[in-house]
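Here the structure is laid out as structure tokens; the discussion comes afterwards.
As the structure is a computational prediction, the values presented were derived from the model and not from experiment. Chain letters run A, B, ... following the sequence lines, proteins first, then strands; residues in each count from 1.
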Amino acid sequence: MSRRGMLAASAASAAVTTIPAARAKTASAQPAPSMARIALTVNGEARELELDTRTTLLDALREHLQLTGTKKGCDHGQCGACTVIVDGRRINSCLSLAVMHDGDTVTTIEGLGTPDDLHPMQAAFIVHDGYQCGYCTPGQICSAVAVLEEIEAGIPSHVTGDLTAPAEATNMEIRERMSGNICRCGAYSNILEAITEVAGRQA
Amino acid sequence: MKAFTYERAATPAGATAAFAKAPGARFIAGGTNLLDLMKLQIETPAHLIDVSRLALDTIEPTKEGGLRIGAMVRNTDLAADARVRRDYGLLTRALVAGASGQLRNKATTAGNLLQRTRCPYFYDTNQPCNKRQPGSGCAAIGGVSRTLAVLGASEACIATHPSDMAVAMRALDASVETVDAAGKARAIPIADFYRAPGTTPHLETMLEPGELITAVTLPKPMGGTHIYHKVRDRASYAFALISVAAVVQKDGSGRVALGGVAHKPWRVEAAEADMPRGAKAVASGLLAGATPSHDNAYKLPLVERTLAGVLAEAKG
């Protein structure tokens, strides 16, 4: 059994451990968990889940669908490691309840490409060494793919000069738009080169 | 996070009716602030009413020549709207100065107005905070107050409002449209929307319990040069230490609102008469009555200097 399989199995057995009824009653004034059933399309596959309403989209992906490519960094929307693409837009999956995404289409790092068929952004991150420890990388790549689409769609940023002109994939624009993805190893310059290559410009 | 029950509202009337059945419930839209606060148990609603799919996500012209921005319009979409970029550049500039691309994709117009302070003592549940726990005291006063309010504060609270968007909305004289549980609609000028902290800093806006924001309207475009200058600890993705939102006309007249200095976007209309006389004169009117601490006294000269830069940029 792989390490990941082992972890998944032990999480499942922990989930069915029952608390003796008497203790559960007196343990605290906590309201009982509330469950909800949702349907998602994740990386092209229809998935159904029954979840505690408190489950974030991030935890639904990682703990319930075992899509552990998406990372939990700060769990407060500050680091961007959990970035996924929902209905074509990048969001922090840690700051969103899974139950609010019923019917939505989610793309994670696993859905962008596979080891045998990399997404161009994944390939560029490898070529330009756009990581060190790799923990922020799935979020960086999901964010980067969406950033280029946002520029293409003409969405302005803090560094856009003329608000009525189309935005361009300059270094300044990419850096500003990627500011919600923190890399503790400091691989920023290589990340920028990778994104610039995919944008079709010379670094 | 405390357990909660969840329902999704299909209409604004359905949302307010759901609240009437579950007092103490919270509306949730983008959730980027509320969910964070729920994880920290600063907010502990027993019931959530999801308003994120209400059909309030369009931007329409008003008959007065302005724009009516639906409450659920995402920050990204508002910033990118061609009419906003052309006629209300200040609003686009303020929006894209705030948060990150990911957050702006989720955060809504109404939620942005209602986001809560980032005062570190509000976030630390081990500290007294009158906003989080009324009557418990304020650890920020006499504490580390570098980021906190210099205007409009009280002996109970020196928190600032964190929004950039709201600062632009104040300079543009926006109006907040709401509906209550009885179906009664009203419009609250943004100037009157936020409550002074006084002795009740946990009450932050004029909204009644269960009252739902449906839209924010902008009056007709006023022309001029639109500048939003935000000063912060890093170049991107940080809250304002101070910010200056200005609309400056060719003759030097105009409007100024400040962010990062008070519990609300700070604007003093009387001070704007001094705009042709320059930043020093305007700042003295804007900052009258300021009560800075040792830690945040730097905000006063910073406002004046930033405003001077903004006025120079407007002159071209």
Side-chain angles (χ1 to χ4, degrees), chain A residues 29-36 52-57 74-80 82-97 99-103 139 142-143 146-147 150 153-160 162-165 167 172 175-182, chain B residues 1-8 28-40 44 46-48 50-53 74 76-77 79-82 84-107 123 164 226 228 230 234-238:
Chain A
Q30 283 275 4
S34 174
M35 304 299 285
D52 185 317
T53 52
R54 290 171 288 186
T55 313
T56 60
L57 178 60
C74 69
D75 208 25
H76 289 279
Q78 298 174 358
C79 77
C82 68
T83 303
V84 299
I85 300 169
V86 176
D87 293 341
R89 296 180 160 222
R90 59 178 170 147
I91 67 164
N92 298 118
S93 61
C94 77
L95 277 192
S96 209
L97 293 170
V99 67
M100 293 178 73
H101 289 285
D102 186 28
C142 286
S143 205
V147 159
E150 288 165 15
I155 292 166
S157 87
H158 178 58
V159 299
T160 306
D162 179 356
L163 287 184
T164 59
M172 280 292 286
R175 292 167 70 103
E176 160 62 23
R177 289 167 193 264
M178 290 297 292
S179 71
N181 291 84
I182 310 297
Chain B
M1 207 184 310
K2 298 274 188 192
F4 56 85
T5 49
Y6 166 91
E7 74 180 289
R8 182 182 299 144
I28 187 165
T32 55
N33 186 211
L34 180 56
L35 190 53
D36 188 25
L37 294 169
M38 286 168 65
K39 288 182 179 187
L40 298 164
T44 54
H47 187 63
L48 283 186
D50 180 355
V51 294
S52 66
R53 300 194 192 189
R74 307 289 160 172
T76 297
D77 297 321
D81 184 272
V84 174
R85 290 159 72 174
R86 185 188 65 216
D87 297 331
Y88 306 95
L90 184 62
L91 183 53
T92 290
R93 290 290 183 203
L95 281 161
V96 297
S100 65
Q102 290 96 315
L103 292 168
R104 292 192 296 270
N105 278 344
K106 276 301 262 177
Y123 268 77
D164 292 295
H226 290 220
Y228 187 76
K230 177 175 180 177
R234 55 185 186 218
S236 184
Y237 199 22

Between atom [atom1] of [X] and atom [atom2] of [Y], what is the distance when rounded to the nearest 0.5 Å?
| X | Y | atom1 | atom2 | result |
| --- | --- | --- | --- | --- |
| L163(A) | L91(B) | CG | CG | 10.5 Å |
| M178(A) | Q102(B) | CE | CD | 7.5 Å |
| K39(B) | T56(A) | NZ | OG1 | 5.0 Å |
| N105(B) | D87(A) | CG | CG | 11.5 Å |
| H101(A) | D50(B) | NE2 | CG | 9.5 Å |
| L103(B) | Q78(A) | CG | CD | 9.5 Å |

For [X], which atoms come within 4.5 Å of any heavy atom of chain A: side chain, backbone, both, or neither?
| X | answer |
| --- | --- |
| A29(B) | backbone |
| S52(B) | side chain |
| A46(B) | neither |
| R8(B) | side chain |
| R234(B) | neither |

- prompt: Are any of the side-chain heavy atoms of I28(B) and L97(A) separated by less than 4.5 Å?
  reply: yes

query: Are side-chain heavy atoms of P156(A) and R85(B) found at a separation under 4.5 Å?
result: yes

Taking every heavy-atom pair that is under 4.5 Å apart, which of [options] has the most such pairs with chain B?
| options | result |
| --- | --- |
| T164(A), T160(A), V147(A), N92(A) | N92(A) |
| R89(A), R175(A), R177(A) | R89(A) |
| D102(A), I155(A), N181(A) | D102(A) |

query: Distance-only, no hydrogens or angles: does the R53(B) side chain make a donor-acceptor pair with backbone N or O of M100(A) under 3.5 Å?
result: yes

- prompt: Is a side-chain donor or acceptor of S100(B) paired with a backbone partner of S179(A) at a separation under 3.5 angstrom?
  reply: no

message: How close do V96(B) and E176(A) get, counting heavy atoms only, and between which atoms?
response: O-OE2, 4.0 Å

- line: Heavy-atom nearest pair, T32(B) first then L95(A), reads O-CD1, 3.2 Å

query: For M35(A), does the CE atom sit with more than 12 other heavy atoms under 6.0 Å from it, leaving out its own atoms?
result: yes

Quick one: what part of [X] sits under 4.5 Å from any heavy atom of chain B, side chain, backbone, both or neither?
| X | answer |
| --- | --- |
| A146(A) | neither |
| D52(A) | neither |
| T83(A) | side chain |

query: Among M1(B), R86(B), R104(B), R93(B), which residue forms the greatest number of heavy-atom pairs with chain A at distances under 4.5 Å?
result: R93(B)

field: Among the listed options D77(B), V84(B), D81(B), the residue most often paired with chain A at heavy-atom distances under 4.5 Å
entry: D77(B)

- request: May I have the step-by-step check of side-chain contact (heavy atoms from CB on, under 4.5 Å) for H158(A) and S236(B), ending in yes or no?
  value: CA-CA 8 Å; H158(A) 178 58; S236(B) 184; 5.8 Å; no

